[in-house]
Number of protein chains: 2
Amino acid sequence: MDEIKNRIICPLDFAMKLIGTKWKPLVLFHLLEGPVRSGVLQKHLPDISNKMFTQTIRELEKDNLVERIVYPVVPPKVEYKLTKKGYSLENILKSLDAWGLEMMKT
Amino acid sequence: MDEIKNRIICPLDFAMKLIGTKWKPLVLFHLLEGPVRSGVLQKHLPDISNKMFTQTIRELEKDNLVERIVYPVVPPKVEYKLTKKGYSLENILKSLDAWGLEMMKT
DNA sequence: CAGTATCCGTGAAGATACTG
DNA sequence: CAGTATCTTCACGGATACTG
């Protein structure tokens with residue numbers, strides 16, 4: 001019966017599973033601007049380790065929130081961009097950002 | 001200089017620090033309905049351990065998102081309710097819930 | 001430039017038993 | 001009924017070194 005119980009999860013819970021980690025919201029937020037090269041994106045997240053960056057972006061890819069574009073050139077060039085699913089978070093991310101700003105004031 | 005760097009954090013990051021854990025959004029979401037007794041609230045979160053419930057609610061209290069109301073009776077009666085800060089998350093929580101529902105479909 | 005591999009510490013989270 | 005106290009586990013996340 002545990003299987004059944006595990007299926008009956010709150011949508012909110014499901015949402016947090018997709019974006020409720022340390023770096024995911026930040027990555028998605030920066031991608032709202034448009035496609036960005038891998039290295040540039042990483043520079044925008046000053047304290048992220050290389051490992052966490054790759055891991056985070058891979059999970060976002062797997063969940064179809066981010067798309068990976070590889071240019072067959074040397075040296076390698078890779079860009080990341082939001083998918084439609086990813087963009088559907090735009091308002092939420094901006095609201096959260098605004099809310100965070102309010103909270104920082106008080 | 002690390003001190004300075006640590007102060008320059010993204011508001012979104014700050015927001016996730018406040019509510020970006022496994023149970024916090026869920027607890028806040030259930031409290032949108034109004035004040036709830038401790039035991040009842042916990043029942044709404046089927047798979048939460050006693051420890052995590054207390055820990056989660058304590059942190060929300062500390063951050064002034066949730067208020068604790070103790071009735072001096074025997075046996076003990078405790079209620080939790082959202083503060084104004086807590087309620088300011090209403091739209092975001094509902095949006096996230098709706099978004100999660102969409103994601104579950106596809 | 002972009003990504004992988006490995007090692008390792010810390011803390012999140014669970015299980016259990018207990019108190020006022 | 002509400003909450004505390006331990007003990008334990010394990011995955012998150014960081015540092016470093018390496019490949020195509």
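Numbers restart at 1 for each chain; the letters A, B, ... are given by sequence-line order, proteins then strands. Just so you know, these numbers use all the heavy atoms, side chains as well, and skip hydrogens, waters and symmetry mates.
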Mind calculating the distance between [atom1] ([X]) and [atom2] ([N]) to the nearest angstrom?
X     : N      : atom1 : atom2 : result
B:I57 : D:dT4  : CD1   : C1'   : 16 Å
A:L41 : C:dG3  : CG    : P     : 10 Å
A:K51 : C:dC7  : NZ    : P     : 12 Å
A:E59 : D:dC12 : CD    : C1'   : 10 Å
A:Q42 : D:dG14 : CD    : C1'   : 13 Å
A:M16 : D:dC12 : CE    : P     : 15 Å
B:R58 : D:dA2  : CZ    : P     : 12 Å
A:W23 : D:dA11 : CH2   : P     : 22 Å

Would you say B:K22 places a side-chain N or O within less than 4.0 Å of OP1 or OP2 belonging to C:dG14? yes
Can you check whether A:R68 has a side-chain N or O nearer than 4.0 Å to OP1 or OP2 of C:dA2? no
When the nearest nucleotide of DNA chain D is assigned to A:N50 and to A:T21 on a heavy-atom basis, which residue is associated with the more 5' position? A:T21
Consecutive-pair stems (3 or more, Watson-Crick or G-U, under 3.5 Å) for DNA chain C: C:1-20 with D:1-20
Does B:I48 or A:F53 map to a spot on DNA chain C nearer the 5' end, using the closest nucleotide for each? A:F53
Decide if atom NZ of B:K77 counts as having more than 12 heavy atoms of other residues, nucleotides or ligands within a radius under 6.0 Å. yes
How does the hydrophobic cluster around A:I69 look, that is, which other residues are in it when side-chain heavy atoms under 4.5 Å mark a link? A:Y71, A:V73
Salt bridge (Lys or Arg N to Asp or Glu O under 4.0 Å) against A:K85, all qualifying residues, sequence neighbours excluded: none
Touch check for B:Y71, heavy atoms < 4.0 angstrom, all strands: base, sugar-phosphate only, or nothing? nothing
Reckon A:T54 touches a base, only the sugar-phosphate, or nothing at all at heavy-atom distances under 4.0 Å? base
Below 30° counts as parallel, above 60° as perpendicular, anything between as tilted: where do the rings of A:F53 and A:Y80 land? perpendicular
A:L26 side chain near B:C10 side chain, heavy-atom distance below 4.5 Å: yes
Taking the side chain of A:P76 as heavy atoms from C-beta outward, which of D:dG13, C:dC1, D:dG3 is closest to it? C:dC1
In terms of heavy-atom contacts, B:P25 and B:L93 come closest through O-CD2, 3.9 Å
Considering all heavy atoms, the nearest B:P35-B:E79 contact: CB-OE1, 3.8 Å
